[in-house]
Amino acid sequence: MILVTGGTGFVGSYLIDYLLNQGKEVRVLVRNPQKLKFDVDFVVGDITDKETLKTALRSVEEVYHLAAVFRHGVDPSYVWRVNYHGTRNVVDECFRRNVRLLHVSTVGVLGHANSKPLNENSPYRPNPNPYSQSKAKAEQYVLEMCKKGLNAVIVRPAFVYGIGSRYGLNLLMDLVIKRKLKVVIGKGENCIHPVHVKDLVRAMVLIMTKAKSGEVYIVANEEPVKLRYFLDLVARCAGAKLYYGLPPKLAYLILKLRGGIGGSSAKETILLFTKNWFYSIEKLKSLGWKQEVNLEEGVKETVNWLKST
């Protein structure tokens, strides 16, 4: 039996579908069963409730822990209660039962890169928001417990996109499609590193199957792309027109009044458009993983879905 937390979310839904297609027996810890897209075993509760966690982990051999609060602008104490304290609950119960755990974190725990791609050994420099900071702290607890015998691995997804979400990279795409983003901060010469949700899920299952306990893996496409290339690709698919070169200082004044993208601060939004966000995936490739979803095809498919919903 495999337990998935966060199974009604974007990545979680794709993961459950993938596991079911492999013939796996899946259980989901879920707050609202009506949001489940699959006919699977479930336990009503959440990761902040230790008692429902105990019920959910009965007869379980593996746990994919995806449950988290992603949205910016949410009460920071709630973000920490779920992302850090909730993860501690999951870790402690897995440790007590000797259950294999895959913890889903984020590349946001590393912050932005400079001229060279970041890797799994890069120091923690979490982005200045409760999500990345709570995820960094949760990671550290997982690794600390691995030293005590916890059987766990950590996955750090990069910029995830694909049909089914309006957050993260999909939110940026949606702004272009709806003509809410017409003038881009900077020249778009910085790098970003997308990964399609289907490629992420395949990597997660591979890491759960092959990776040694205590190891961390970044998951991203085989190559990063310039932000300008990515945005122009979205614009072509959407029939939109973009202009580049908005000075960051002017953008900061505008964003202070209007707010950043997806509830991010003005500073964070400017960092997204002006800094490098790219990573080495050599460690992941050493397990035999290869990117399957072509970026151009994946973006076109996602843009068409965003336009139709």
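Not counting sequence neighbours, Ser115 has no partner by the side chain to side chain contact (heavy atoms under 4.5 Å, CB included) test. Residues meeting the side-chain hydrogen bond (donor to acceptor under 3.5 Å, both in side chains) test with Asp232, sequence neighbours left out: Tyr244. In this structure, the ring-ring contact (aromatic ring centres under 6.0 Å, His included) partners of Tyr14, at least two apart in sequence or on a different chain, are Phe10. Not counting sequence neighbours, the partners of Glu222 by the side chain to side chain contact (heavy atoms under 4.5 Å, CB included) test are Ile281, Trp289, Lys290, Gln291. By the side chain to side chain contact (heavy atoms under 4.5 Å, CB included) test, Asp39 is found to be paired with no residue, residues two or more places apart in sequence or in another chain being considered. With sequence neighbours left out, Glu51 forms a side chain to side chain contact (heavy atoms under 4.5 Å, CB included) with Asp49, Lys54.
Judged by distance alone, with hydrogens and angles left aside, the side-chain atoms of Asp174 form no donor-acceptor pair with the main-chain N or O of Asn170 at under 3.5 Å. Panel note: side chain Lys283, backbone Val216; a donor-acceptor pair is recorded below 3.5 Å. Side-chain atoms of Thr5 never come within 3.5 Å of backbone atoms of Ile47 as a donor-acceptor pair (strictly under, hydrogens ignored). Judged by distance alone, the side chain of Asn21 and the main-chain N or O of Asp17 form a donor-acceptor pair under 3.5 Å. Listed for the Glu93 side chain is no donor-acceptor partner under 3.5 Å among the backbone atoms of Leu57. Looking at Arg179, its side chain does come within 3.5 Å of a backbone N or O of Ile177 through a donor-acceptor pair. Between the side chain of Arg100 and the main chain of Glu61, no donor-acceptor pair closer than 3.5 Å is present. Looking only at distances, a side-chain donor or acceptor of Asn190 sits under 3.5 Å from a matching main-chain atom of Lys275. Counting only distance, with no hydrogens or angles, the side chain of Trp277 and the backbone of Leu271 share a donor-acceptor pair below 3.5 Å. Checked by atom type and distance alone, the side chain of Lys187 never pairs as donor or acceptor with a backbone atom of Gly245 at under 3.5 Å.
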Please determine whether side-chain contact (heavy atoms from CB on, under 4.5 Å) holds for the pair Tyr64 and Val205, giving the CA-CA distance in whole Å, both sets of side-chain angles, and the decisive distance to 0.1 Å. CA-CA 9 Å; Tyr64 286 86; Val205 175; 3.7 Å; yes
For Asn221 and Tyr279, run side-chain contact (heavy atoms from CB on, under 4.5 Å): C-alpha distance rounded to whole Å, both residues' side-chain angles, the deciding distance at 0.1 Å, then the answer. CA-CA 9 Å; Asn221 276 0; Tyr279 313 92; over 6 Å; no
Using the rule given for side-chain contact (heavy atoms from CB on, under 4.5 Å), can you reason through Val197 versus Val293, listing the C-alpha separation, both sets of side-chain angles and the distance that settles it, and then say yes or no? CA-CA 9 Å; Val197 61; Val293 180; over 6 Å; no
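Ile270 and Leu253 end up in different hydrophobic clusters when Ile, Leu, Val, Met, Phe, Trp and Tyr side chains are linked at under 4.5 Å. When hydrophobic clusters are built by joining Ile, Leu, Val, Met, Phe, Trp and Tyr residues whose side-chain heavy atoms come closer than 4.5 Å, directly or via intermediates, Ile2 is grouped together with Leu29.
Side-chain atoms of Phe278 and Ile192, non-hydrogen and from C-beta on, never get closer than 4.5 Å to each other. Side-chain contact between Asn276 and Asn114: absent, with no pair of heavy atoms (C-beta onward) separated by less than 4.5 Å. Between Leu200 and His196 the shortest side-chain heavy-atom distance does not fall below 4.5 Å.
Side-chain atoms of Tyr124 and Gln140 include no donor-acceptor pair closer than 3.5 Å. In summary, the side chains of Arg166 and Thr309 do present a donor paired with an acceptor at a separation below 3.5 Å, with no hydrogens or angles considered. A donor-acceptor contact closer than 3.5 angstrom is absent between the side chains of Glu268 and Asn127. Inspection of the Tyr78 and Asn83 side chains reveals no N or O donor paired with an N or O acceptor under 3.5 Å. Counted by atom type alone, His65 and Thr87 present one or more donor-acceptor pairs between their side chains at under 3.5 Å.
Heavy-atom neighbours of Lys37 NZ from other residues, nucleotides or ligands within 6.0 Å: at or below the threshold of 12. In Glu223, the CD atom is not crowded: 12 or fewer heavy atoms of neighbouring residues, nucleotides or ligands sit closer than 6.0 Å. Counting non-hydrogen atoms of neighbouring residues, nucleotides and ligands closer than 6.0 angstrom, the CZ atom of Arg97 exceeds 12 such neighbours.
Of all non-hydrogen atoms in Leu250 and Leu246, the two that sit nearest each other are CD2-CD1, 3.7 Å. Among all heavy-atom pairs drawn from Val43 and Ala56, the shortest one is CG2-CA, 3.8 Å. Summarising the geometry of Val142 relative to Leu150, their closest heavy-atom pair is O-CD2, 3.8 Å, with the distance given to 0.1 Å. The shortest heavy-atom contact between Gly7 and Val28 is CA-CG1, 3.9 Å. Nearest heavy-atom pair, Ala220 versus Val195, reported as atom, atom and distance to 0.1 Å: CA-CB, 3.8 Å. When all heavy atoms of Pro157 and Val155 are compared, the closest pair comes out as CD-O, 3.4 Å.
Electrostatic pairing of Glu292 and Arg202 counts as a salt bridge here, judged by a charged N lying under 4.0 Å from a carboxylate O. Using a 4.0 Å cut-off between charged nitrogen and carboxylate oxygen, Lys135 and Glu139 do not count as a salt-bridge pair.
Taking CZ from Phe42 and CG from Leu3, the interatomic distance works out to 13.5 Å, rounded to the nearest 0.5 Å.
Remark: Arg88 is not positioned above the aromatic ring of Trp80, lacking an NZ or CZ atom under 6.0 angstrom from the ring centre and at most 45 degrees off the axis.
Between Asp41 and the choices Lys24, Arg58, Arg27, the salt bridge (charged side-chain N to carboxylate O under 4.0 Å, His left out) rule is met once, by Arg27.
Ring geometry, Phe70 versus Tyr167: the interplanar angle exceeds 60°, so the pair is classed perpendicular (tilted spans 30 to 60°).
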